[in-house]
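Note that ligands are numbered from 1 as they come in the structure, with each ligand's atoms numbered from 1 the same way.
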Amino acid sequence: RSAVVERAEELPTESVPANRRLGRRARLGRWRASQKITYSQTPDLYGSPPAPAVGVRTTREREGRGRGRVHRLHSTLMPSSRTFRYSTYGDAVRLLQSLAASAPHLTDLSTTQSLFGLSTAGTCVSADGSRGPCLNYVLQITNKATYTSSRPEVLISGALHGDERVGVVTALELCRWLVERYHHDEWVKRLVDTRNVLIMPMTNAIGVAQKTRAENGIDPNRDFPFDQSPSLCMQTIAARSVNELYRSHLLQLVVTFHGGMQAIGYEWGAYPYYYSGSAHRSPDDNMMRQISSVLSSFAGSGNVPGNRPYPNAPMNDLVYPVHGGMEDWGYAASWDRGKVRTCNPRTYGGYPQAKTSYGDGDARAFTVLVETSDSKAPYEGSLGAESGVYMPGSAGDGHVPRNMRLALAAIDLVQPYVSAWQVATANPAPNVVCVSWSVWGAIVVEEAAILRRDSPSSPWTVADLADGHGQAVTKLAQGVWGASSSPMRPVVKTDCVTLGLHAKGSAELAVRARVDPSWGHAPASKFAPGTGPQSHLAKSRAAGYSSKVGTHTLSSRLEWMSQPLLANASSFKHFRRHN
Ligand SMILES: [Zn+2]
């Protein structure tokens, strides 16, 4: 069955008996018109090819308030059935170049050689067969026209180990997904409009080209200055490339793909925090544990035989401790300074020591290790297809859709986003407005309130519920990443408020949310060192934190507001979205 039919069957047909004679699609159109919901999709997309997957079906948490079914249709175009394949270094470069050329308003393609003057690790073969220097490409994806220095930043690393190949395809296809679907996929558009996404599909470029783990014999994931000897760090171009990106961006969340087992690992993973029995947790464990669990459940198993949802735990519990691992370094080099000694490598003509002396904001990213698959290069037929990305468990699902979902979740989780829209009631009453909302980028909504103000110069105040039960405040709800919610089926809350406007009056409404309160606290016990949370990401949702790296800035916020909605007393039947 197509999703269009499925949606039609969910319609409250009993309230529109005259429509029973109509076909399902016509009935859907009638119903939609009768509900006066503001849809952002254009008519030509509506009802055409089957199945928006994201956001077409919604869950009502609270039955008592709000009337009429709440459906939020996103303008999501059905992906093609194109299957995913491994690509060579040359093919990957060609894809990145064509994506960048096709969307100059959304992308900047560069290399760490051109950006930071790094050396090249050797010679690679281009798509046309010519040989040239191996370049470490970075595709930056964001809406450049609206860019501000406070836009949150995420880095996706495809492969620090060149023979672990699922992450390379995942990162490349993620580039394509974000660029090509920008105009057809409401979720993708919002992510690209509100995040600065850096994607490095071939972090260890020469390793990817040669299908070898190391870069010229040196393991890049022991090459970072965290519990590592000065002569044994920053020896590889791969590690230097990562180092330069951390130093020039305010990275909050980093996904680093590997392969050879299935797991999501988080800090700590270094010897100083390894103890027999079970490992000590990091001060950011509340946030890390919750996000890793969300990434695991949204990724699913990829519908690949033998796969299971990713176990997720601190790396010291999951695998084994290492010296010089990227993850602990990326999380803690800016504040756990006793573990960091500046590097003095001899390779590629050396590397300035100042490059491993860190400012306060450089290395505080939640750096998530993802071990994608038991095989480092699974059978190509198990990689999946575009059609599987938003349809977990379907025939098109596979290793790559699974990890694209994981990366999309990480990009979403870097910042809360309150989505609010007005819905009509089945029995409209004067001065009553019903507002639905959901909170993206968040797991727990600690408190949400519907606010109103009568003019842009007046202060926001909490609106009163139309049923007389007090103020429109909800305590403890699920964010879109809550346990029984996901972008495919986001939890939506609805409340109706009374406005008390005069005949010609108007008011603005907005939803304000406070989210993920536990992130601002260290875990209850057994964590080290004895300090509060240190990551940008955890601190960005608590009071009184700010940071700066290069031109990039971060100011924490306790409360997140939706775009305002405009309600006119004179035209309650014609609410429109105002943003
Ligand atoms: Zn690896």
| Intermediate values then yes/no, ring pair (Phe, Tyr, Trp, His ring centres under 6.0 Å), Tyr417 and Trp187 | CA-CA 11 Å; Tyr417 177 88; Trp187 188 28; over 10 Å; no

| How many angstroms lie between NZ in Lys144 and NE2 in His105, if you round to the nearest 0.5 Å? | 9.5 Å

| query | Please walk me through it: do Trp268 and Tyr274 pass ring pair (Phe, Tyr, Trp, His ring centres under 6.0 Å)? | reply | CA-CA 8 Å; Trp268 297 110; Tyr274 183 75; over 10 Å; no

| task | May I ask you to list the protein N, O or S atoms found at less than 2.8 Å from the Zn ion (ligand 1)? | result | His161 ND1, Glu164 OE1, Glu164 OE2, His258 ND1

| Parallel, tilted or perpendicular: which fits the ring planes of His161 and His258, with parallel below 30° and perpendicular above 60°? | perpendicular

| query | Parallel under 30°, tilted from 30 to 60°, perpendicular over 60°: which one fits the rings of Trp329 and Phe224? | reply | tilted

| query | Any donor and acceptor pair, going by atom type alone, linking the side chain of Ser296 with main-chain N or O of Tyr310 inside 3.5 Å? | reply | yes

